[in-house]
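Letters A, B, ... are given to chains in the order of the sequence lines, protein chains preceding strands, and every chain is numbered from 1.
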Amino acid sequence: MKLAKLYEPQQYEPTIYALWETAAAFAPNPNKDKGVYSIVMPPPNANGNLHMGHALMTAVEDILIRYHRQKGQSTVFIPGADHAGFETWVVFEKQLEKEGKNRFDFSREELYSMVWEFVAAQRGNMEIQLRELGASADWSKLVFTLDKNVIETAYKTFKKLWDDGLVYRGKRLVNYCTKHHTGFSDIEVEYEDRTTPLYYLKYGPFILATTRPETKFGDTGVAVHPDDKRYSPYVGKEIEIMGVNGPFTIKVVADKHVDPKFGTGVVKVTPAHDFNDWDIAQRHNLPVIQVIGLDGRLTERAGRFAGMTVLEAREAIAKALEEKDLLVKVERDYKNRVGVCYKCKTVIEPMLMDQWFINMKPLAQPALEAIKQGDITFYPSSKGKVLINYLKGVRDWNISRQIPWGIPIPAFQNVNNDEDWIFDTRVEEETIQIDGKTYRRDPDTFDTWFSSGQWPFIVTQANPGGDLSDYYPTSVMETGHDILYSWVSRMIILGLYSANKAPFKDVYLHGLVLDSHGQKMSKSKGNVLNPQEIVQKFGSDALRMGIIANRGAGNNQAFSQAAVVSGRNFANKLWNIARYIEDTIGDDYKERAPTPESLADHWALRQLDRANTRITKLLDTYRFNEAYETLYHLIWNDIADWYIEASKVSLNKPLLAYTLETLLKITHPFAPFVTETIWQTLKWEEDMVINSSWPEPYQEYTVRSAKAFTELREVITEARFVANELGAGKQRLLFTDDKLISDNHELVRQLANLHAVEKVDQPRGLRLALVKHEAWLDVDEHTLRKHHAKLEKRLETTREQIKRFELRLNNKAYIAHAPEKVVAQTREQLTEHQALRERLAKELQVLRGFSQK
RNA sequence: GGGCGCUUAGCUCAGCUGGCUAGAGCAUCUCGUUUACACCGAGAGGGUCGGGGGUUCGAAUCCCUCAGCGCCCACCA
């Protein structure tokens with residue numbers, strides 16, 4: 001035998017993957033007669049390692065890819081690697097710090113090439129890991145997010161937005177991390193509940209509450225609600241305030257933003273350091289004064305407090321105010337929500353900066369319509385609603401980042417005129433000359449999402465491995481639900497804008513893979529599971545099946561090692577089915593004519609056909625867990641438990657071969673390695689299962705024979721059940737004149753583990769509670785009596801069920817309204833249960849007879 | 001405050017357009033080494049589908065309501 005007793009995945013997986021790769025099995029079929037199918041892989045971070053989320057992502061995407069490839073579509077799975085702008089920059093800068101270096105000691109070019117080397121050293125790891133996960137991606141089509149074509153396309157789009165007036169340079173408040181020295185877009189900011197003191201200050205004639213006394217040097221107004229009678233005399237007036245650095249005057253404005261019920265109903269307005277205050281200042285023409293610098297320290301404007309950090313200044317100023325008797329009280333345990341940097345948790349400072357913004361409203365409109373019209377279908381559908389809700393309130397997108405690791409923004413500013421900006425892609429030059437004027441380049445880079453938002457059309461229409469335009473729009477975008485806004489929405493928006501078509505037809509969103517206790521995996525908690533370790537331990541197929549089992553779309557769910565173990569066992573089960581078949585018919589058996597002979601043959605063909613139809617339907621609707629469950633039951637409960645066992649009594653070699661071949665084909669998307677290993681070990685016709693065709697519906701069986709087999713199954717199951725209950729060891733089964741049992745007595749004997757199945761003239765012993773057949777277990781009176789109580793209980797349940805069916809059928813409305821099929825089914829059930837009742841009652845009578853003796 | 005979910009067996013979760021006795025994996029109990037498989041086989045127990053109301057011949061599924069939990073967004077001077 002070629003197949004070992006135990007399937008040990010580690011022994012085969014690398015070889016199998018290499019086999020596919022050298023055979024170029026992942027390349028799209030040039031024949032597009034059956035249509036095209038494409039998935040663009042969300043590019044993993046080029047310098048990182050894969051986590052469980054990637055394992056789930058790969059499982060789902062690769063199942064779809066392999067399935068559609070087998071269906072004969074020209075299928076491509078396009079891999080990518082992400083430079084991951086800010087993410088990678090954070091890791092790099094940390095390392096730089098460790099070496100005692102500072103980013104400001106280097107030029108942009110120097111830093112860029114340093115990070116490039118840093119990433120290059122790591123690159124390849126994640127590609128190896130994707131291979132381990134079995135991703136059948138076409139590696140010749142891999143795109144790195146900093147490839148020339150990517151940058152060129154990003155520039156083209158930026159130019160188009162520029163020309164269309166959809167991108168603008170604006171001095172705005174942006175979310176700024178003072179540790180990482182960069183601004184963010186609105187959706188990148190995380191919010192946390194923090195305890196902050198709430199200071200009540202004397203402010204001229206008012207008392208007002210603030211959490212940020214350190215910004216008071218930037219105050220340019222005081223605001224009250226327009227309807228607030230307490231303060232209406234002051235509105236519009238300039239009032240004098242005593243401050244820590246002496247008196248100053250300030251204007252009182254009325255603005256609806258102010259909540260009269262909060263604090264004292266008076267707000268100081270600091271336009272340069274608060275988003276709402278900025279808005280108030282815009283509405284009332286208040287000046288803007290910056291008192292916090294990009295380094296997070298107070299500026300000269302703060303007088304003797306200049307140079308202090310925000311927190312230092314807060315304490316110092318509060319103290320100074322107290323000394324001047326300007327501090328009324330402090331609420332120490334006030335809780336408020338503050339924006340923090342999602343990497344370092346530093347409090348985000350709203351900072352007045354010149355940045356490039358994309359005007360989102362006009363761009364979001366077509367995306368909204370596309371989703372509403374159903375041009376894009378979401379799985380789960382609720383995520384479509386979430387996205388619509390987001391797009392309706394979408395705000396302008398800040399795409400400038402003050403980090404060197406990314407695509408340089410192709411814009412230059414006239415050194416003599418701040419307002420004069422031009423588009424130019426000569427970003428490697430610090431300054432350029434045009435018409436005798438000198439322009440200095442923008443030192444910033446694009447937000448990573450600006451280029452990755454164009455990913456689907458970049459990798460299809462500008463793929464360095466060849467034109468893949470025919471594969472745009474892609475078939476489905478599969479990614480994590482946590483990047484619905486940051487990525488999926490931008491892809492839709494920019495796809496519609498640049499390529500005039502939504503970038504994908506379907507969106508399938510998976511949830512987070514949590515640890516076994518339902519906690520989010522994170523390095524700090526130390527609960528991160530490494531997919532590689534799981535693969536090493538249980539095999540790639542096991543991880544794939546374990547991670548999709550019992551998992552619905554869009555929901556976060558705990559990782560279950562038990563499910564992976566179950567997947568490993570399942571792979572082993574399939575392996576052993578193959579072993580049995582190899583042992584029975586040899587490893588080079590070629591005949592596959594699936595001509596059913598025995599009842600089991602007919603039944604097996606029907607089960608295969610039914611399962612195949614069902615799995616096909618489920619995969620077409622992204623119901624992976626149900627598809628897997630269906631497959632699991634087909635293989636384990638139908639084929640292994642029944643058909644293989646039945647074939648030991650009546651062997652049909654070609655049909656056995658056909659069964660295995662079909663199983664390998666439909667299992668392949670779920671368990672690519674074990675199926676290919678078996679396929680390669682047995683010499684099947686087609687060279688590789690990855691290239692095999694998905695089985696067509698096959699109905700060359702007779703339903704009557706298939707049903708007859710299910711009746712035999714009932715006989716066997718009942719015999720097993722009763723024998724088990726009696727606990728009296730191997731039994732003898734008797735029947736009078738039953739053709740089905742007579743014809744299949746050996747099958748019944750073996751599968752029910754009986755001593756013998758015999759035809760008798762006078763039955764004796766315990767009659768089986770069967771509806772359609774009469775059979776007895778040849779047990780003695782003593783055993784029979786023990787069984788009495790159990791029989792009574794069964795009769796009782798049967799009676800209850802009959803009552804329920806009768807009740808339903810006596811309901812005229814039910815007969816009138818329910819579909820005929822359902823009614824007929826109920827009638828049938830009633831008849832069957834009535835027959836069962838008769839038999840059980842009769843049996844009990846016999847038993848009572850014994851008891852009375 | 002706005003939006004989106006979740007609550008089903010001891011645990012983790014499936015259950016599509018309402019229709020078999022509500023399912024799976026793991027766990028539990030009983031029996032079993034019959035050469036494909038102990039990563040196994042045969043069998044069993046276990047759920048008033050969060051509570052209440054409604055629509056319907058029929059509700060885990062649709063609607064309302066209450067309770068609990070979670071996520072996202074906005075606001076928090």
Look at the side chain of [X] and decide which nucleotide, out of [options], has an atom nearest to it.
X	options	value
Asn572(A)	rC75(B), rG43(B), rC37(B)	rC37(B)
Lys648(A)	rA77(B), rU12(B), rA36(B)	rA36(B)
Asn555(A)	rA14(B), rG19(B), rU21(B)	rA14(B)
Arg337(A)	rG19(B), rU21(B), rC75(B)	rC75(B)
Glu626(A)	rG15(B), rA77(B), rC39(B)	rG15(B)
Tyr814(A)	rC57(B), rA36(B), rC4(B)	rC57(B)
Arg579(A)	rA36(B), rA77(B), rG15(B)	rA36(B)
Tyr191(A)	rG23(B), rG43(B), rA74(B)	rA74(B)

If you restrict it to nitrogen or oxygen atoms, what contacts under 3.5 Å exist between nucleotides 25-32 of chain B and the protein, and what is each distance?
none

- Task: Compute the ring centroids of Trp575(A) and Tyr12(A), then answer whether they are less than 6.0 Å apart.
- Result: yes
- Message: Please report whether the ring centroid of Phe206(A) lies less than 6.0 Å from that of Tyr234(A).
- Response: yes
- Query: Among pairs that include at least one residue of residues 262-272 of chain A, which meet salt bridge (charged side-chain N to carboxylate O under 4.0 Å, His left out), considering only residues two or more places apart or in two chains?
  - Reply: Asp219(A)-Lys268(A)
- Task: Sequence neighbours left out, what pairs pass salt bridge (charged side-chain N to carboxylate O under 4.0 Å, His left out) with at least one residue falling in residues 620-639 of chain A?
- Result: Arg623(A)-Glu626(A)
- Look at the aromatic rings of Tyr390(A) and Tyr485(A) and report parallel, tilted or perpendicular, splitting at 30° and 60°. parallel
- Check RNA chain B against residues 385-395 of chain A and give the residues with a non-hydrogen atom under 4.0 Å, in numerical order. Lys385(A), Val386(A), Asn389(A), Arg395(A)
With a cut-off of less than 4.0 Å, is there a side-chain N or O of [X] near OP1 or OP2 of [N]?
X	N	result
Asn576(A)	rC40(B)	no
Lys793(A)	rA44(B)	no
Arg623(A)	rC16(B)	no
Trp636(A)	rC37(B)	no
Lys5(A)	rA36(B)	no

- Could you tell me whether Lys730(A) atom NZ has more than 12 heavy atoms of other residues or ligands within 6.0 Å of it? yes
- Message: Within a 6.0 Å radius of atom NZ on Lys803(A), are there more than 12 heavy atoms belonging to other residues, nucleotides or ligands?
- Response: no
- Note on the structure: Per-residue pairing states of RNA chain B in dot-bracket (Watson-Crick or G-U under 3.5 Å; . unpaired, | other strand) read (((((((..((((.....[...)))).(((((.......))))).....(((((..]....))))))))))))....
- Query: Listed by chain and number, what are the salt bridge (Lys or Arg N to Asp or Glu O under 4.0 Å) partners of Arg827(A), not counting sequence neighbours?
  - Reply: none
- Should Lys793(A) and Glu796(A) count as an ion pair when the cut-off is N to O under 4.0 Å? no
- Would you mind reading off the distance between Tyr485(A) atom OH and rA74(B) atom C1', rounded to a whole angstrom? 11 Å
- To the nearest angstrom, how far is Lys573(A) atom NZ from rA38(B) atom P? 9 Å
- Query: So what does Ala818(A) touch, heavy atoms closer than 4.0 Å: a base, only the sugar-phosphate, or nothing?
  - Reply: base
